[in-house]
Amino acid sequence: MTDSGLLFPEDDTAPQEDWDGIAAEAAVDENALYLELDGWEGPLDLLLDLARRQKVDLRSISILALVDQYLDYIDHAEALKLELAADYLVMAAWLAYLKSAMLLPKDEEEAPGPEELALRLQLRLQRLGAMRDAAARLMGGNRIGRDVFLRGAPEGLEIERKTRWRCDQFALIEAYGRVKARTAPAIHMVRERPVMTLESALDRVSNMLGVTLDWIELRDFLPPHAEPRLRKSALASSFVAALELARLGKAELQQDDTFGPLRLRRVTG
Amino acid sequence: MDDLARAVEAALFAAEEPMTAEALAGFLGDAAVGDVRQALRSVAQDYEPRGIHLVERSKRWHFETAPDLAHLLRREQEQIRRLSRAATEVLAIIAYHEPVSRAEIESIRGVQTSGGTLDVLMEAGWIRIAGRREVPGRPTIYATTPEFLEHFGLSSRRDLPGIAELRATGLLDPVDDAYDELMGEATGEDGADDTERSDDPEES
Amino acid sequence: MDDLARAVEAALFAAEEPMTAEALAGFLGDAAVGDVRQALRSVAQDYEPRGIHLVERSKRWHFETAPDLAHLLRREQEQIRRLSRAATEVLAIIAYHEPVSRAEIESIRGVQTSGGTLDVLMEAGWIRIAGRREVPGRPTIYATTPEFLEHFGLSSRRDLPGIAELRATGLLDPVDDAYDELMGEATGEDGADDTERSDDPEES
């Protein structure tokens, strides 16, 4: 079973206490009590109410009497054909078992003895009872909107946040420079370099090959006093020229080991 | 009446929400919190005989009407949300046991608590989720809020009706602990228990 | 303090609107209007030195905070924030090219400019709407304000260094930009939200 009817507006005629109508006092009319079943918050709640009817401190209630009252109650409700939620019946069965255990001679084997079960039930009832009372006292306090009232129309405290922006001249000028630099069209200038074209390398190499039949190292084809950059270019072009001459069948190439000197000579016939 | 007291009075009067001494000090420029506290106490004292009171609830201060004038000010059309019996009980259990899990609430009440009950209390702003219990299943645990204390007119949890007595008589301890205690099996376990529930109202 | 004065005080405190003496008398259950008036005057007198005053305005009474404390209750908090990089660029473009439309700013910057950036610059008081360009769509055009010149210590826009001077000082060196890019500073130049990134609250 679960809670129902959580919130409802307090009507003017109701007593100011939040709840006290549910069998707080001993019911005069017994049937009226049974008809209140909907008002119980579960079997433990019903037990607590029955226990309170014993008009003694919860610490000294008679569990046996309480069990009888509960079982009577359930019987009576069933006789009135009231629909009982399953947990009430489960509790009834458990209490019937507890009662028989309490009445029968002690069975030493049984693990939680009936006294223990009875004591635990009593402790639970005490705790629920304590919370029930606490809730009532809590609700009876000076509640805002019922007993004490807050200011009807507070002006409110206002904090206006204003932002002052900071920036300086340098940042401004720098930003413009940045924009200009970022968006200036990019022009790429390629500097003029001393190069030996493939054509001139081809001429040079074929001419030099024509002079002799011996193997000649590639490096010897390079212009002797060229500046390093031109030398590099000449080397690359001469290498390609050598490959081209080999392809045309005009020269043959020889290299003994990797990165070793590359030699070439004229092919005759 | 000194300037700070006047300023504190006016600020709290105009404020839409209760304020702590710290918030007031911050709001009023660079007033020392200690001075603000002193001003609060002196203003509260000024109002004691009056129709309006300055009260502290959960470290936050606000003005409200004197409780003895309730009958004059309560208007018919005013509707205060009335809590169901279940919600009332759950709220009390949370307040007296906090932080507490739903299973613990249910074991006290002996009945399942519908999620709706907790929702209603959360919506009212009286309870909040206070984390999870570090046990298997990591259940959510609940605690009350400053608004709860405000609404029910309590300065701190120490002011919960009868809480000291309930604590002293062990009625806030779980049944198992109480049983062990009675059976003399749990010798010297009080200490451990207390620390677990050490959410003693912090106020000093 | 007599009961009627306390009741009058509490009722006016809790009231949502100012009340006449007659309304108060009715509310408080047939108190004599004359007595209510007297109570009102005595309560008003009690409050004179305090931070709250009870005042009468066109026969209706209400509480309000003392006028001399108004400055405390409506505080302005000034926050100093540094202009974001994107906003600075937009401001610089406006300064160099004014009057200029948003589309023109974007084409100079090479990235989109969020409306928020222009708002920030307007809020700062450094730019203004200078009318509309008489071209299709009549776009709004922006120009700087005298406050702008003042804030940046310029006597006129002519004081801004020209392109040649920028180049001479190395400010047009693309290396800077490439470097910034490398350092991740130039990320997010999509102009998506300049204001958001400007929250460097390194002062305040």
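So you know, we letter chains A, B, ... as the sequences are listed, proteins then strands, and number each from 1.
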Does a salt bridge link [X] with [Y], judged by any charged N lying under 4.0 Å from a carboxylate O?
X: A:R247; Y: A:E244; answer: yes
X: A:R53; Y: A:D49; answer: yes
X: C:R37; Y: C:E22; answer: yes

* Side chain, backbone, both or neither: which part of A:L172 has an atom under 4.5 Å from a heavy atom of chain C? -> both
* Matching residue for C:M19 among C:V36, C:L12, C:L40, C:V8 - test: side-chain contact (heavy atoms from CB on, under 4.5 Å) -> C:L12
* Structure fact -> Ranking A:R164, A:Q169, A:E155 by heavy-atom pairs under 4.5 Å to chain C gives rank one to A:R164
For [X], is it the side chain, the backbone, both, or neither that has a heavy atom closer than 4.5 Å to a heavy atom of chain A?
X: C:I93; answer: both
X: C:A15; answer: backbone
X: C:E64; answer: both

* Asked: Do A:L245 and A:L253 come within less than 4.5 Å of each other through their side chains, counting heavy atoms only?
  -> no
* Structure fact -> Looking only at C:A14, C:G110, C:G125, the option with the highest number of non-hydrogen pairs under 4.5 Å against chain A is C:A14
